Amino acid sequence: MKNNLVELPISTRDGKFIARYSENGLAELNFPNAKAFVAPKRSKGGPIPARIKNWHRVTETALKKTLNGKKSKLPPLDWNGATEFQKSVWRQMLKISAGKTKSYGEISIAIGKPKAVRAVGGACGANPIPVLVPCHRILAANKKLGGFSGGLDWKRKLLATEGVKLTSA
DNA sequence: CCCACAAGTCGCT
DNA sequence: AGCGACTTGTGGG
């Protein structure tokens, strides 16, 4: 498997995100995780293909708008290697509009496997593109916050920005 | 209210 | 093959 991903930073008021692009589109987006943060080494000397620059521009706009609770056009997403199950889950998440939420249970029903709630949680955690693929809009059954692999702080902040009310916790 | 348990699916060891 | 993961519903103390 070739790992020719191009890394590009995106500076926002919430920190610097790292976007990774493959030949097919946006493959990964990372939170400005202060600790595990590694300075992006943009494709060793190689020039960045024009289409990637173009995607990056779209990604940057989309990310900033999303951080402001607005929806926006997304760049092509490269779900390379993902299983059909995961893609189904992520597709459902993309349908959630800003300010709205769904539960893991609702997602599992939407993909025709009402009992696969736990698997949905797993797929969520495996989501390589947080924020743009709104895994943060997925709440536990009774509108509880649930968990978030990118850090609960982010989930809270993102939901607060979108005006979502949480039942508790 | 809090704890324990089981169930469907994926990915890592 | 076994276990944990961003869960959920049920049962008991």
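In the text below, chain A, chain B and the rest are named by the order of the sequence lines, each starting its count at 1. Reckoned from all heavy atoms, side chains included, excluding hydrogens, waters and symmetry mates. Please read all numbers here as calculations on a predicted model, not as lab measurements.
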> So what stems show up for DNA chain B if we need 3 or more Watson-Crick or G-U pairs in a row, all under 3.5 Å?
Replying inline: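 Counting only runs of 3 or more consecutive pairs, the stems involving DNA chain B are B:1-7 with C:7-13, B:9-13 with C:1-5.
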
>> Rounded to the nearest 0.5 Å, what separates atom CD1 in A:Ile107 from atom NZ in A:Lys95?
In response: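 Reported value, rounded in 0.5 Å steps: 9.5 Å.
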
> Got a second to check how far A:Leu26's CG is from A:Trp79's CH2, nearest 0.5 Å?
Replying inline: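 So the gap between those two atoms works out to 10.5 Å.
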
Solution key, residues 119-134 of chain A side-chain donor-acceptor pairs under 3.5 Å, sequence neighbours excluded:
{"from": "A:Asn127", "atom 1": "OD1", "to": "A:Ile129", "atom 2": "N", "distance (Å)": "2.8"}
{"from": "A:Asn127", "atom 1": "ND2", "to": "A:Ile129", "atom 2": "O", "distance (Å)": "3.4"}
{"from": "A:Asn127", "atom 1": "ND2", "to": "A:Val133", "atom 2": "O", "distance (Å)": "3.2"}

>> Say we look at C:dC3 and B:dC5: how far apart would their P atoms be, to the nearest angstrom?
In response: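 That atom pair is separated by 14 Å.
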
>> Can you check the distance between C:dG4 and B:dA4, where both ends of the measurement are the P atom (answer in whole Å)?
In response: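 Per the computed distance, 14 Å lies between those P atoms.
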
> Considering residues at least two apart in sequence or located in another chain, which fulfil the salt bridge (Lys or Arg N to Asp or Glu O under 4.0 Å) criterion with A:Glu60?
Replying inline: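 A:Glu60 satisfies salt bridge (Lys or Arg N to Asp or Glu O under 4.0 Å) with A:Lys64 once adjacent residues are dropped.
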
>> If the condition is salt bridge (Lys or Arg N to Asp or Glu O under 4.0 Å), which residues does A:Lys157 pass it with, not counting sequence neighbours?
In response: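 Counting only residues at least two positions away or on another chain, A:Lys157 forms a salt bridge (Lys or Arg N to Asp or Glu O under 4.0 Å) with A:Asp14.
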
Heavy-atom closest contact ([X] atom, [Y] atom, distance):
{"X": "A:Arg137", "Y": "A:Leu159", "answer": "CA-CD2, 4.2 Å"}
{"X": "A:Lys16", "Y": "A:Ser11", "answer": "CE-OG, 3.9 Å"}
{"X": "A:Met93", "Y": "A:Ile138", "answer": "SD-CG1, 3.8 Å"}

> Knowing that exactly one of A:Thr61, A:Thr59, A:Asn54 qualifies, which makes a side-chain hydrogen bond (donor to acceptor under 3.5 Å, both in side chains) with A:Arg57?
Replying inline: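 The option that passes is A:Asn54.
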
>> Would you say the ring centers of A:Trp154 and A:Phe148 fall short of 6.0 Å from each other?
In response: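 Judged by ring-centre distance (under 6.0 Å), A:Trp154 and A:Phe148 do not meet the cut-off.
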
Please produce a list of atom pairs where a protein N or O lies less than 3.5 Å from an N or O of nucleotides 9-13 of chain B.
{"from": "B:dG11", "atom 1": "OP1", "to": "A:Gln86", "atom 2": "OE1", "distance (Å)": "3.0"}
{"from": "B:dG11", "atom 1": "OP1", "to": "A:Gln86", "atom 2": "NE2", "distance (Å)": "3.2"}

> When we call it a touch if two heavy atoms are under 4.0 Å apart, what does A:Gly121 touch: a base, just sugar-phosphate, or nothing?
Replying inline: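 Here A:Gly121 touches the backbone only, sparing every base.
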
> Can you give the first and last nucleotides of DNA chain C, 5' to 3', that have an atom under 4.0 Å from a heavy atom of chain A?
Replying inline: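 Counting from the 5' end, contacts occupy C:dA5 to C:dG9.
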
